[in-house]
Amino acid sequence: MADPKGFMTTPRQDWPRRPVEERVRDWDEVCVPGALLPIVSKQADRCMDCGIPFCHHACPLGNLIPEWNDLVSREDWRAASDRLHATNNFPEFTGRLCPAPCESGCVLAIDQPAVTIKNVECAIADRAWEEGFAPPRPPERLSGRTVAVIGSGPTGLAAAQQLTRAGHTVAVYERDDRLGGLMRYGIPAFKMEKRHLERRLEQMRAEGTKFRTSTAVGRDIGAVDLRSRYDAVVIATGATAWRELDVLGRELTGIQQAMEYLPLANRVCEGDLESSPLSAAGRHVVIVGGGDTGADCLGTAVREGAASVTQLDIYGRPGAERDEDAEPWPTYPKTYRLSPAHEEARDLRTAPEADADARLFAASTLRFTGDAEGHVRWLHLVDVDAHRRPLPGTERPVPADLVLLALGFTGPDRHDGLIDQLGLAVDARGTIARDADFATNVPGVFAAGDAARGQSLIVWAIAEGRAVAAAVDRHLTGSTRLTSPIGPYDRPLTA
């Protein structure tokens, strides 16, 4: 603990964001470049080095947060990088994309703003790359064992890196033309520029991991054939089967799934397309769904020049403070949060009906109506009570030329045939069933990440990748020195 009084003398200061008027004109990350390092050491000083650091329990990776906070406060960046990378393969990803349940578990958060743990993590990761503290770590010797990892999202990449460093020969199979899973085509560049992903992939190539893109296992290569080629297979395909909205008028054109819309915008940023065929430019956009994917659609539509953007959230507007009875510390509370995209929508007044930002809370979709050509023109909504029951007399139309469904995901996509070809057992939710060692009912085949856990956070995805790697290493060699931060049945801390 570098400064015993830091939490009393230093107020919380977050990484400042670029002005809204500036950042909505480009796809660069929203925070001011270089503005984090001058403030982060004093912010790390606010860590109290608690006797029982609940931030550890709130983070499934078990990040050694008080240790690297102390090291950052002393500006020992190399040691801080070592401690951070000891538990997290990709802190530059989590430092930008994770909603930071660790901060909800910060002891300081009991009665004042938490330590800026996420910002400190991001600063360490970025400094590590700048100073060369994250070199490739190829294994000293090879085991002679081979592993196929299906899926290159955070779970697949974490598993592949851990297994490669353990000495196994690992090949990652990705059905898209580029690596990264949802981090590549689902996450907009203004949340995480793809250079961070490319840099980590180059590190993994230098360590010996092999990558096979544009290869859908089950379609381009038979799943049984792939299993016969490798000593073990890890399925980390994610939960990409999206939820539908079964209401009148769903068949109208102009109603798209969020994951049909977002990848096209990302491909424009990658240089594949001059413009998106689903661009929001000049259109009245309504986003159905109040989660992070909906916020990603919101920020994207604003940058594309939408005439208006409205986001519907079926839940009521949460309060500014945690409900101590329903969600006591250190659980992750449902409070009113203003993401960068919502901040932009608020300042630009993208949704005239909304009170504070683009969101209409406690609103549910009744039906869609369109024009004579069969294109959607109106979304008819209704206010709902706390039990999501419609309130009489509140129905009203909202103009909608483009409707984006951001309702979450149910489990792995089965269209490629991977699950059926291998004969994998699935549970009642449609996710891949596994035992306490992450093993499926098919010998030598393991499942991890959202494909088995269900839709979750990036920290849980990386933790699953690290844990399944330890299980596979033990399966192949009889023992393992790889860390296993979670078990397959662990869940986030709740009241």
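Judged as a ring-ring contact (aromatic ring centres under 6.0 Å, His included), and not counting sequence neighbours, the contacts of Phe90 are Phe93. Legend: residues meeting side-chain hydrogen bond (donor to acceptor under 3.5 Å, both in side chains) with Thr369, ordered by chain and number and at least two apart, are His380. Under the salt bridge (charged side-chain N to carboxylate O under 4.0 Å, His left out) criterion, Asp28 pairs with no residue, sequence neighbours left out. For Glu270, the salt bridge (charged side-chain N to carboxylate O under 4.0 Å, His left out) partners at least two apart in sequence or on another chain are Arg178, Arg184. Every residue two or more places apart in sequence or in another chain was checked for a salt bridge (charged side-chain N to carboxylate O under 4.0 Å, His left out) with Asp313, and none qualifies. In this structure Arg23 satisfies the side-chain hydrogen bond (donor to acceptor under 3.5 Å, both in side chains) test together with Glu343, Glu344, sequence neighbours excluded. Remark: Asp357 pairs with Tyr336, Arg359 by the side-chain hydrogen bond (donor to acceptor under 3.5 Å, both in side chains) rule, at least two apart or across chains. Judged as a ring-ring contact (aromatic ring centres under 6.0 Å, His included), and not counting sequence neighbours, the contacts of Phe446 are His475. With sequence neighbours left out, the side-chain contact (heavy atoms from CB on, under 4.5 Å) criterion links Val302 to Val24, Leu298, Val309, Leu348, Thr350. Glu207 is linked by a salt bridge (charged side-chain N to carboxylate O under 4.0 Å, His left out) to Arg165, counting only residues two or more places apart in sequence or in another chain. Here Arg229 pairs with Asp225 under the side-chain hydrogen bond (donor to acceptor under 3.5 Å, both in side chains) rule; sequence neighbours left out. For His57, the ring-ring contact (aromatic ring centres under 6.0 Å, His included) partners are Phe54, not counting sequence neighbours.
Pro412 approaches Thr431 most closely through the heavy-atom pair CD-CA, 3.9 Å.
Put simply, the side chain of Leu97 does not reach to within 4.5 Å of the side chain of Lys118, judged on heavy atoms. Inter-residue side-chain proximity for Asp231 and Val147 is flagged as unmet; no heavy-atom pair is nearer than 4.5 Å.
Glu464 has a carboxylate O that lies under 4.0 Å from a charged side-chain N of Arg453, or vice versa, which qualifies the two as a salt bridge. We find that Arg303 and Asp26 are not joined by a salt bridge, their nearest charged nitrogen and carboxylate oxygen being 4.0 Å or further apart. Between Asp416 and Arg219 a salt bridge is recorded (basic side-chain N to carboxylate O distance below 4.0 Å).
A side-chain donor from one of His196 and Glu29 sits under 3.5 Å from a side-chain acceptor of the other. Of the N and O atoms on the side chains of Arg145 and Ser143, not one donor lies less than 3.5 Å from an acceptor on the other residue.
In this structure, Arg250 is not positioned above the aromatic face of Phe368 in the sense of NZ or CZ being under 6.0 Å from the six-membered ring centre and within 45° of the axis.
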